[in-house]
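As structure tokens, the structure follows; a few thoughts come after it.
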Amino acid sequence: MAKRISLTRYLVEQQRVAGHIPSELRLLLEVVARACKSISQAVNKGALGGVLGSADSENVQGEMQKKLDIIANEVLIEANEWGGHLAAMASEEMDGIYVVPNRYPQGEYLLLFDPLDGSSNIDVNVSIGTIFSVLKKPEGDRGVEETDFLQPGSHQVAAGYCVYGPQTTLVLTVGDGVAMFTLDREQGSFVLTQENVRIPEDTKEFAINMSNMRHWDEPVRRYIDECLQGKEGPRGKDFNMRWIASMVADVHRIMSRGGIFMYPWDKREPNKPGKLRLLYEANPMGWLIEQAGGAATNGRQRILDIQPGHLHERVSVILGSKNEVERVTSYHSAL
Ligand code: P6P
């Protein structure tokens, strides 16, 4: 059981003792955590807060926005724009980047986020969450541009998510392993409840949307077929399946007990590499998984090595227990 310390103390120790993070990054993470607390409160109000349902607008992905998608996006923008730690932000809910207005000092970090992932679950009271990634703005005295965000996931300096479920839990890495903080609503602060999170290298649990089976590529079909054959098949063991249709919730289960999560390319939209977004979903989740001893690929290469071509680039995602991810990836290279 982790010693009961606050997120603030954990971050101060990461800065002062471990020398892992500068004070500006510590400030950034504290501000993001406070924003997640506000989002959690809005989510928890549900129908009582008049925040359920559609916003009658579409995001850059052409997806219908929920009222809470827009609220969460605004909370993160307003919480972070004045602090002087950021140069700009990028969000699933915004077409282009949001440059910190001139009335505020500009900092050296770039913040990317999916403000409310899994929002199709909002109206049915299933766990959803915020995913965030932090990069450093490239050196130079020119103004910040969209191309500054197009860095491989291996360049991240911090990544995390906050899952709004039975508990509100913030999961964070600054490159020194993964720590989990549970929101103590009486204190109004995040408290360290687990550190040095480790994902078992093997698992009997896979997460994939089975309704897409007929559209999958052969390596994915082979892997799932073998899992479904259970003890009598080539895997020699039975598997269980979970699919919450909320990446944050599925990944949190894997961070908590292992498993493999897959949203692979499929032939419904052959020109799209996958459904999930590289910069603010796959990269932060991929780094967290790796920092906890797991693996994350697109079937052929490490997700964190992918050089992004544009801000809302999509990617095929296979992540979780290391030996399972390596097996699926080997099936792709066997082609
Ligand atoms: P499907 C939520 O919309 C999301 O982006 C991820 O959180 C989730 O894993 C996936 O899409 C679910 O997609 O096609 O199963 O609804």
Side-chain angles (χ1 to χ4, degrees), residues 36 39 43 52-55 57-73 76 90-94 112-133 159-165 169 171 205-217 220-221 224 241-256 259-270 272-286 288-289 294 296-299 303 311-320 325 328:
C36 290
I39 295 169
V43 166
L52 299 183
S54 168
S57 57
E58 278 192 359
N59 65 14
V60 63
Q61 330 288 343
E63 296 164 339
M64 284 310 292
Q65 290 176 304
K66 299 284 191 180
K67 288 177 191 163
L68 272 171
D69 282 323
I70 294 173
I71 292 167
N73 194 62
L76 283 158
S91 165
E92 178 189 82
E93 302 303 331
M94 299 187 298
L112 303 91
F113 46 82
D114 178 355
L116 208 57
D117 174 71
S119 50
S120 60
N121 285 311
I122 291 172
D123 297 348
V124 294
N125 200 13
V126 169
S127 298
I128 49 184
T130 298
I131 310 172
F132 61 91
S133 169
Y161 62 83
C162 193
V163 52
Y164 311 119
T169 302
V171 181
E205 198 160 65
F206 65 85
I208 194 166
N209 184 334
M210 291 294 286
S211 69
N212 299 329
M213 179 177 262
R214 65 189 182 285
H215 306 303
W216 297 337
D217 207 353
V220 173
R221 292 175 70 103
I224 296 297
M241 192 211 94
R242 288 285 182 274
W243 188 250
I244 305 173
S246 172
M247 184 186 198
V248 172
D250 279 313
V251 168
H252 191 67
R253 183 189 59 255
I254 291 169
M255 293 297 276
S256 305
I260 182 169
F261 170 95
M262 301 166 73
Y263 210 113
W265 171 93
D266 71 47
K267 54 177 180 283
R268 286 176 294 174
E269 295 185 270
K272 275 186 186 176
K275 172 178 183 181
L276 302 177
R277 288 79 172 182
L278 174 60
L279 286 179
Y280 41 80
E281 289 177 332
N283 275 345
M285 292 307 205
L288 284 160
I289 289 285
T297 77
N298 66 357
I303 281 181
L311 199 59
H312 299 291
E313 179 164 333
R314 295 173 187 266
V315 67
S316 173
V317 177
I318 297 160
L319 60 76
V325 173
V328 179

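Numbering of ligands and ligand atoms starts at 1, following listing order. Counting begins at 1 with the first residue of the sequence.
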Ring centres of Phe261 and Trp243 under 6.0 Å apart?
-> yes
Identify all pairs of nitrogen or oxygen atoms, one from ligand 1 and one from the protein, separated by less than 3.5 Å, and list them with distances.
unit_1: ligand 1; atom_1: 7 (O); unit_2: Asp117; atom_2: OD1; d: 2.9
unit_1: ligand 1; atom_1: 7 (O); unit_2: Asp117; atom_2: OD2; d: 2.9
unit_1: ligand 1; atom_1: 7 (O); unit_2: Met247; atom_2: N; d: 2.7
unit_1: ligand 1; atom_1: 9 (O); unit_2: Met247; atom_2: N; d: 3.4
unit_1: ligand 1; atom_1: 11 (O); unit_2: Lys275; atom_2: NZ; d: 3.0
unit_1: ligand 1; atom_1: 13 (O); unit_2: Lys275; atom_2: NZ; d: 2.9
unit_1: ligand 1; atom_1: 14 (O); unit_2: Tyr263; atom_2: OH; d: 2.6
unit_1: ligand 1; atom_1: 15 (O); unit_2: Asn209; atom_2: ND2; d: 2.8
unit_1: ligand 1; atom_1: 15 (O); unit_2: Trp243; atom_2: NE1; d: 2.9

Residues Glu269 and Lys275 bridged, charged N to O under 4.0 Å = no
Yes or no on side chain to side chain donor-acceptor pair (under 3.5 Å) for Asn283 and Ser133, after CA distance, side-chain angles and deciding distance?
-> CA-CA 8 Å; Asn283 275 345; Ser133 169; over 6 Å; no
Decide, yes or no, whether a salt bridge links Arg277 with Glu92 under the criterion of side-chain N to carboxylate O below 4.0 Å.
-> yes
Under 3.5 Å: donor-acceptor pair, side chain of Thr130, backbone of Pro115 = yes
Stepwise side chain to side chain donor-acceptor pair (under 3.5 Å) check, Gln65 with Glu58 = CA-CA 5 Å; Gln65 290 176 304; Glu58 278 192 359; over 6 Å; no
